[in-house]
Amino acid sequence: MATIAKRNREATQEELSLVRSYLLLTFIHKVFERDCRAIGKSGLFKMPQLYMELVSIGAKKTALMLQEVKRELESQNIIVSTIRQDQKGVEAQFKCRGIAGEMHIQWPSFRREMTLRMRAYLGLAGEFSIHAREESSNQVVCLV
């Protein structure tokens, strides 16, 4: 079970997808920024600037997409109020037009989608088709 979202009948699949994208982009952006700093500080690379530039490009793309998703959330009157992570996965509490909802995404599904998106943002998407097929069979479960 990849995603469990507890939602009111008012929340659409598109609105839940926006919340999911917001969560993924937030985590991906943090990972890109952290990795860029780690590459620069590690002293293990002969030419860290090249790798930092590649990861920075991914971080910039992610920041732009995150900005776009935030605008869309605002235009649809969706507020993500709390994001938590634990050993099971990521949980978000949100309000959609004033109606409270929750989304739970287990780590295996979250990491898989993060990896697919990160590869795409780095221009590596076409080289990972086996993983893409696994992701397409992923199920989304919503509780009403």
Does any part of the side chain of [Y], heavy atoms only, come nearer than 4.5 Å to the side chain of [X], both counted from C-beta?
| X | Y | answer |
| --- | --- | --- |
| I57 | L122 | no |
| Q76 | E14 | yes |
| L64 | K60 | no |
| I105 | M103 | yes |
| I78 | K95 | no |
| R34 | V31 | yes |

Chi angles and distances behind the side-chain contact (heavy atoms from CB on, under 4.5 Å) call for L18, Y22: CA-CA 6 Å; L18 274 173; Y22 174 77; over 6 Å; no
Under a 4.5 Å side-chain heavy-atom rule over Ile, Leu, Val, Met, Phe, Trp and Tyr, are [X] and [Y] clustered together?
| X | Y | answer |
| --- | --- | --- |
| Y121 | L124 | yes |
| V55 | L44 | yes |
| M47 | F45 | no |

Between the side chain of [X] and the main-chain N/O of [Y], is any donor-acceptor distance below 3.5 Å?
| X | Y | answer |
| --- | --- | --- |
| E33 | K30 | no |
| S109 | Q106 | no |
| T115 | R111 | yes |

field: SB check R117 E113 (cutoff 4.0 Å)
entry: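 Looking at E113 together with R117, the answer is yes, because their closest N to O distance falls below 4.0 Å.
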Donor-acceptor list for residues 79-92 side chains, cut-off 3.5 Å, not counting sequence neighbours:
residue, atom, partner, partner atom, Å
S81, OG, Q93, O, 3.1
R84, NH1, E91, OE2, 3.0
D86, OD1, K88, N, 2.8
D86, OD1, G89, N, 3.1
E91, OE1, H104, ND1, 3.4

Roughly how far apart are [X] [atom1] and [Y] [atom2], rounded to 0.5 Å?
| X | Y | atom1 | atom2 | result |
| --- | --- | --- | --- | --- |
| S21 | M65 | OG | CE | 7.5 Å |
| S56 | L54 | OG | CG | 9.0 Å |
| K61 | L66 | NZ | CG | 16.0 Å |

message: Pair V69, R71 - check side-chain contact (heavy atoms from CB on, under 4.5 Å), show working.
response: CA-CA 5 Å; V69 168; R71 269 195 296 271; over 6 Å; no
query: How far apart are the C-alpha atoms of Y51 and D35, what are their side-chain angles, what is the distance that settles it, and do they pass the side-chain contact (heavy atoms from CB on, under 4.5 Å) test?
result: CA-CA 10 Å; Y51 301 101; D35 287 355; over 6 Å; no
- request: Indicate the atoms forming the closest heavy-atom contact of H29 with A59, along with that distance.
  value: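 So the minimum-distance heavy-atom pair works out to CD2-O, 3.2 Å.
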message: Under a plain distance cut-off of 3.5 Å, with no hydrogens placed, do E53 and Q49 share a side-chain donor-acceptor pair?
response: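 E53 and Q49 do not have a side-chain donor-acceptor pair below 3.5 Å.
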- prompt: Which is it for F110 and L23 under the side-chain contact (heavy atoms from CB on, under 4.5 Å) test, yes or no, and what are the steps along the way?
  reply: CA-CA 9 Å; F110 198 77; L23 293 173; 4.1 Å; yes
- prompt: What orientation do F27 and W107 show, parallel under 30°, tilted 30 to 60°, or perpendicular over 60°?
  reply: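 Correct class here is perpendicular.
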